[in-house]
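Following: one structure in structure tokens, then a few remarks.
Only this structure's heavy atoms are used, side chains among them; waters, hydrogens and symmetry mates stay out. Predicted model only: the values in this text are computed from it and were never measured. Chain A is the first sequence line, chain B the second, and so forth, proteins listed ahead of strands; every chain is numbered from 1.
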Protein chains: 2
Amino acid sequence: MAELDVERIAAAALAVADERGAAGFTMRAVADALGVSPMALYHHVEDKAALAALVVDAALNEHELPAPSSQSWQDGLYDMAVWTRDLWRAHPAVTRIRNEHHVYWTPSMYAVAERWVSLWQQSGLDFEDALTAAVTSSMAISGAVETETALAESGVPAASDLKWTPSARALYTRERDPAADFELLVRSVVDGLFARLSQPASRASGDT
Amino acid sequence: MAELDVERIAAAALAVADERGAAGFTMRAVADALGVSPMALYHHVEDKAALAALVVDAALNEHELPAPSSQSWQDGLYDMAVWTRDLWRAHPAVTRIRNEHHVYWTPSMYAVAERWVSLWQQSGLDFEDALTAAVTSSMAISGAVETETALAESGVPAASDLKWTPSARALYTRERDPAADFELLVRSVVDGLFARLSQPASRASGDT
DNA sequence: ACCTGAACACCGTTCAAGT
DNA sequence: ACCTGAACACCGTTCAAGT
């Protein structure tokens, strides 16, 4: 009746994560969704962390990477950033599962990294600098995406808490256009890193 | 024998988190550290999420904010960023606990936000833009810190996994100076956002 | 008011047993 | 080879009971 395999398990697990959230993402819940005993899963998957990795990879494979057209490398990076943001916003629970189970690299993640680095290499920076820019920009941008989805899941703090912190309050009452903020951030990071790494001297030093 | 109070609980819980890690951060473990029954904690703390908030706040209070000297606003932001990075690197488990239990705002976090926004306001950007810069830069920088500490805890992928992904491999074999990378990132983000928000037209648009 | 022991409803995972 | 039921060692939390 079951005919389990890794692919079916991954799809079911992703569905469970989406529907029941990170807390409801359970070996038992995934087994239930497949109409199978929880222990059946262990025949195809090492442990829960491996199942989490499967889920992350399934989410990454849902949409193909943006086509590398003839646009500028900056636009290419921005397209990749938007692709990433759309992905995690579509599966907020998966980002939590990813962190909880320390799944940082999956097959598809390598492909994303390749593309990211290759775009930075088109910038004309030398190899080492392009790598540095790729690493730091990706940490900043993926970090911003994670923070955004996490905050989107949590509610707004109580007004009483915000009473004495005008900045934090302004931060929440401000009209927000998250997509525009994200574009601003990505382009600022990319331009800012390129500018700093282009001028050969005083790369990270404060005195310009 | 016990004489429990919230402050003692917070200190013990932070110690447990530091010593036993996020997985070992348990109501029972904290109670043990205090020589008390697990249920005693519930008399002073609503639930585990509230205890997690206590831990985050205790970590934040360990060191005072950097003194706001007469430096430039850019240096002030950089000092704050370093303060944050040092903090989370000293307590890597706490960042995980923070995420797991959705603790985003604690009393001390408001103080940090106030300072961050006020520094951006010294940049001369108008109020809305300063707020936008403060929000986006903080998401990027705190996100980068979280990613860095998470990756530091996890090991390097197996060489066999990296075989076919030259960029990812280069990324790991590259000589890294995390502190310098961090300074580069922070200053690039700050300068990049300021540059983009300073020129009134085409704020987030790609065509410069 | 503060603390405790026993218990409940969950987890991930092991293990012997079934086909 | 693949799946199962029962069991183990944990969780967070509730509840009645003690002082």
| request: Look at R89(B) together with E148(B) and state whether they make a salt bridge at an N to O cut-off of under 4.0 Å. | output: yes
| R85(B) to F182(B) six-membered ring, cation-pi geometry met (6.0 Å, 45°) | yes
| Any side-chain heavy-atom pair of L184(A) and L197(B) under 4.5 Å | yes
| remark: Scoring nucleotides 7-19 of chain D by protein non-hydrogen atoms under 4.0 Å (B base, S sugar-phosphate only, - none) yields B---BBBB-----
| Any side-chain N or O of H44(A) less than 4.0 Å from the OP1 or OP2 oxygen of dC3(D)? | yes
| message | Check D181(A) with R174(A), please: is the shortest side-chain N to carboxylate O separation under 4.0 Å? | response | yes
| task | Figure out the CD/P separation between E3(A) and dA1(D), and round it to whole Å. | result | 18 Å
| Dot-bracket summary - DNA chain C, pairs being Watson-Crick or G-U whose distances fall under 3.5 Å, with | when paired to another strand | ||.|||||...|||||.||
| said: Between P on dA1(D) and CG on L4(A), what's the gap in Å once rounded to a whole number? | reply: 17 Å
| query | Is the distance between the ring centroids of W73(A) and F194(A) under 6.0 Å? | reply | yes
| message | Would R20(B) pass as a cation-pi partner of F25(B), given that its NZ or CZ must be under 6.0 Å from the six-membered ring centre and within 45 degrees of the axis? | response | no
| field | Test: R98(A) cationic atom under 6.0 Å from Y104(A) six-membered ring centre, within 45° of axis | value | no
| Spacing of D32(B) atom CG relative to dT4(C) atom C1', expressed in whole Å | 14 Å
| said: Check for me whether the distance between the ring centres of F127(B) and W120(B) falls short of 6.0 Å. | reply: no
